[in-house]
Student: 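Let me begin by handing over the structure; questions about it come next.
Counting convention: from 1, in listed order, for ligands and their atoms alike.
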Amino acid sequence: MSAFALTIGGKAVATTRQLDVINPFDESLAGRCAEATTEHVDQAVRCAREALAGWASTPDAERAAKLVDIAALIERNQAELARLITLEQGKPQSGPGANFEVAGAAGWTRATASLKLPEETIQDDNVARIVIRRKPVGVVGSVTPWNWPLLIATWHVMPAVRVGCTVVIKPSPLTPLATLRLIELMNQILPPGVVNVVTGGAEVGARLTDHPGVDKLVFTGSVATGRKVMESASHSLKRLTLELGGNDAGIILPGTDLEPLLEKLFWGCFINAGQTCAALKRLYVHESQYAAVVDRFAAYVAQIPVGNGLEPQTLIGPVSNRMQLEKIMGLVAEARARGARIVVGGVKPDGPGFIFPLTVIADCTDEMRVVKEEQFGPVMPLIRYRTIEEAIRRANSLEVGLGGSVWGDDPEAAARYAGQLECGTAWVNQHGVINPMTPFGGVKCSGIGVEFGVDGLKEYTTVQALNIAR
Ligand code: NAD
């Protein structure tokens with residue numbers, strides 16, 4: 001099995017140490033890649049800095065055109081990238097899985113190419129002409145998690161490259177392969193040093209986030225690591241975008257006809273086996289229809305095929321890694337011990353691999369860990385409420401606030417309640433639906449700053465006011 005190399009300064013860099021990447025379906029070897037040291041980080045940052053002036057002064061239209069070419073190159077390599085994602089991360093080829101992720105990466109790249117940040121004229125009279133310009137922030141350090149490795153890499157790298165920044169990205173050591181291949185492909189189109197990739201865990205990540213040669217950090221991952229990244233950024237006052245964990249609540253309004261909403265509700269909870277930052281992770285159901293909703297939702301969930309992501313009928317793959325699987329099993333055990341009812345799923349099948357069945361848990365309370373912690377797995381707690389005001393208060397009671405949703409027959413009434421949720425995106429009759437032109441980010445401990453659209457692009461720039469006296 002040939003090992004994937006790092007790409008630094010436009011060149012493939014092999015290393016003495018290698019990382020084994022495990023296939024979560026059966027724990028076989030999914031692939032092998034070069035493992036970077038902190039010296040590789042230094043080298044990559046140096047190359048990114050050397051490439052910065054040339055790339056920042058490249059005409060805007062040329063940078064946009066190169067992103068369009070990159071989108072097409074991602075599409076030409078769709079099958080290979082999708083296979084790598086299934087092998088290293090587990091999500092299936094079918095449904096909203098690995099092919100959906102690659103198509104999303106191409107779509108987001110093309111959408112980012114179309115964004116513009118024109119100069120703004122603030123004043124133009126006989127006193128002064130004042131214009132606001134956006135300049136690239138400089139060298140960007142990107143650190144990504146394991147749940148949507150290619151898409152999140154795309155969200156970090158493309159806007160940076162679009163505005164004239166250069167990048168060093170470090171993917172999760174659990175899922176580095178698709179990102180290594182993406183950066184290799186991008187180097188077929190971009191000048192050397194514009195995008196560089198290193199691999200490794202916390203030590204290599206910390207070297208990048210601490211590095212004095214990095215001007216901005218974009219980090220997606222857990223709240224705990226986000227705090228460390230923010231501390232690192234403080235040393236040289238780096239700009240910062242943090243996309244952190246969430247524990248999104250959904251509220252089903254009393255009397256809602258669930259049938260037409262079931263499919264959306266299912267994917268809102270279980271997309272990527274629940275391992276999605278803005279998946280629905282706690283569902284509040286009015287007491288008047290609690291029993292009926294539990295039964296109907298559990299019946300829907302029970303017929304969804306879970307298994308090997310390479311098989312075309314599979315719609316949900318395994319949990320991505322052992323650590324996550326053990327965490328989920330612990331949360332289910334604690335809920336059961338505190339009196340919750342496992343309506344479907346709940347028991348890991350024997351044998352190797354990290355498959356965990358889709359699980360619906362009823363009679364949950366806010367004190368259970370499966371409700372108050374981000375479970376990040378194929379497990380859905382259903383919680384009773386009495387009044388809508390109480391449900392909103394409980395939805396808002398946590399330190400995180402990424403997304404939230406309200407479900408009901410009257411979308412306008414549902415939207416009024418959704419507006420009271422403390423979160424970056426409030427959905428009505430859907431959950432987790434995102435779009436490259438709509439800013440996405442968290443409030444409270446779910447993050448700082450936004451990604452996507454013009455607002456997301458601005459995060460890779462600094463403002464310069466040019467003030468010319470008349
Ligand atoms: P994690 O925080 O454990 O790791 C994320 C990345 O940080 C990895 O690449 C890791 O190697 C690196 N890292 C670890 N320690 C570091 C350190 N001290 N300095 C620098 N880098 C370090 O997160 P994870 O387990 O990979 O991902 C799951 C989490 O990500 C969940 O909480 C999820 O909600 C969150 N997430 C958020 C979003 C969002 O957009 N808000 C999107 C996806 C995932």
Student: Please check if any side-chain donor atom of Thr175 sits under 3.5 Å from a side-chain acceptor atom of Glu88, or the reverse.
Tutor: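 There is no such pair between these side chains.
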Student: Find out whether Val102 and Leu150 are in side-chain contact, i.e. whether some heavy atom of one side chain is under 4.5 Å from a heavy atom of the other.
Tutor: yes
Student: Please list the nearest protein heavy atom to atom 10 (C) of ligand 1 with its residue and the distance rounded to 0.1 Å.
Tutor: Lys170 NZ, 3.8 Å
Student: At a 4.0 Å cut-off, with the gap strictly under it, does some heavy atom of Gly447 reach an atom of ligand 1?
Tutor: no
Student: Heavy-atom contacts with Glu243 under 4.0 Å: which atoms of ligand 1 show up? List them by number with element.
Tutor: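 In order of number, 37 (C), 38 (C), 39 (C), 40 (O), 41 (N).
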Student: In sequence, state the C-alpha distance, the side-chain angles, and the governing distance for Trp407 and Ser405, and then conclude on side chain to side chain donor-acceptor pair (under 3.5 Å).
Tutor: CA-CA 7 Å; Trp407 304 70; Ser405 57; 2.8 Å; yes
Student: Starting from atom 9 (O) of ligand 1, find the nearest protein heavy-atom neighbour and note its residue, name and distance.
Tutor: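 Here the nearest protein heavy atom works out to Thr144 O, 2.7 Å.
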Student: Would you mind listing which atoms of ligand 1 come within a distance below 4.0 Å of any non-hydrogen atom of Asn147?
Tutor: 43 (C), 44 (C)
Student: Can you check whether Leu180 reaches Thr7 side chain to side chain, under 4.5 Å on heavy atoms?
Tutor: no
Student: May I ask you to identify the nearest protein heavy atom to atom 27 (O) of ligand 1, giving residue, atom name and distance to one decimal place in Å?
Tutor: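 Answer, as residue, atom name and distance: Pro145 CB, 3.3 Å.
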Student: What residue and heavy atom of the protein are closest to atom 12 (C) of ligand 1, and at what distance?
Tutor: Val143 CG1, 3.6 Å
Student: For the residue pair Thr15 and His40, confirm or rule out a side-chain donor-acceptor distance under 3.5 Å.
Tutor: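 Distance-only check fails for Thr15 and His40.
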Student: Go through ligand 1 atom by atom and flag the ones less than 4.0 Å from a non-hydrogen atom of Ile152.
Tutor: 42 (C), 43 (C)
Student: Thinking salt bridges, do Glu422 and Lys444 make one under a 4.0 Å N-O criterion?
Tutor: yes
Student: Give the residue, atom name and distance (to 0.1 Å) of the protein heavy atom nearest atom 41 (N) of ligand 1.
Tutor: Leu244 O, 2.6 Å
Student: I'd like to know if Trp148 contacts ligand 1, where contact means a heavy-atom distance under 4.0 Å to any ligand atom.
Tutor: no
Student: When you compare the side chains of Arg134 and Thr461, does any donor N or O come within less than 3.5 Å of an acceptor on the partner?
Tutor: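 Their side chains do contain a donor-acceptor pair, which is all the 3.5 Å distance test asks for.
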Student: Step by step, work out the salt bridge (charged side-chain N to carboxylate O under 4.0 Å, His left out) result for Asp215 and Arg49.
Tutor: CA-CA 10 Å; Asp215 302 293; Arg49 192 145 284 286; 2.4 Å; yes
Student: Below a 4.0 angstrom heavy-atom separation, can you tell me which part of Pro173, side chain or backbone, both or neither, approaches ligand 1?
Tutor: side chain
Student: How far is atom 18 (N) of ligand 1 from the closest protein heavy atom, and which atom is that?
Tutor: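 Of the protein heavy atoms, Lys228 CD, 3.8 Å lies nearest.
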Student: Quick one: does NZ or CZ of Lys264 land under 6.0 Å from the six-membered ring centre of Trp427, within 45 degrees of the ring axis?
Tutor: no
Student: For residues Ile8 and Cys47, report the shortest heavy-atom separation together with the two atoms involved.
Tutor: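 Taking every non-hydrogen atom into account, CG2-SG, 3.9 Å.
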Student: Any non-hydrogen atom of Phe219 lying under 4.0 Å from ligand 1?
Tutor: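 Judged by the 4.0 Å heavy-atom criterion, Phe219 does count as contacting ligand 1.
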Student: Considering only NZ, NE, NH1 and NH2 on the basic side and carboxylate oxygens on the acidic side, decide whether Lys372 and Glu334 come within less than 4.0 Å.
Tutor: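 A salt bridge is absent here (no side-chain N lies under 4.0 Å from a carboxylate O).
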Student: Could you name the option among Lys327, Glu374, Gln324 that has the heavy atom nearest to atom 31 (C) of ligand 1?
Tutor: Glu374
Student: Any atoms of ligand 1 less than 4.0 Å from a non-hydrogen atom of Thr220? List them with their elements.
Tutor: 5 (C), 36 (N), 37 (C), 38 (C), 39 (C), 40 (O), 42 (C), 43 (C), 44 (C)
Student: Among all protein non-hydrogen atoms, which one is nearest to atom 23 (O) of ligand 1, and what is the separation to 0.1 Å?
Tutor: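 Checking every protein heavy atom, the shortest distance to atom 23 (O) of ligand 1 gives Ser222 N, 3.4 Å.
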Student: Looking at ligand 1, does any of its N/O atoms fall within less than 3.5 Å of an N/O of Trp146?
Tutor: yes
Student: Can you tell me which portion of Leu174 lies within the under-4.0 Å heavy-atom range of ligand 1? Options are side chain, backbone, both, or neither.
Tutor: neither
Student: As an exercise, identify every atom of ligand 1 less than 4.0 angstrom from a heavy atom of Phe440.
Tutor: 40 (O)
Student: Only heavy atoms of Leu402, strictly under 4.0 Å: list the atoms of ligand 1 that pass.
Tutor: 41 (N)
Student: Considering only non-hydrogen protein atoms, determine which one is nearest to atom 22 (C) of ligand 1 and report residue, atom name and distance to 0.1 Å.
Tutor: Thr225 CG2, 3.5 Å
Student: Do Asp366 and Tyr284 come within less than 4.5 Å of each other through their side chains, counting heavy atoms only?
Tutor: yes
Student: Could you check Phe356, Phe270, Trp146 and say which one makes a ring pair (Phe, Tyr, Trp, His ring centres under 6.0 Å) with Phe376?
Tutor: Trp146
Student: Only heavy atoms of Gly205, strictly under 4.0 Å: list the atoms of ligand 1 that pass.
Tutor: 19 (N), 20 (C), 21 (N)
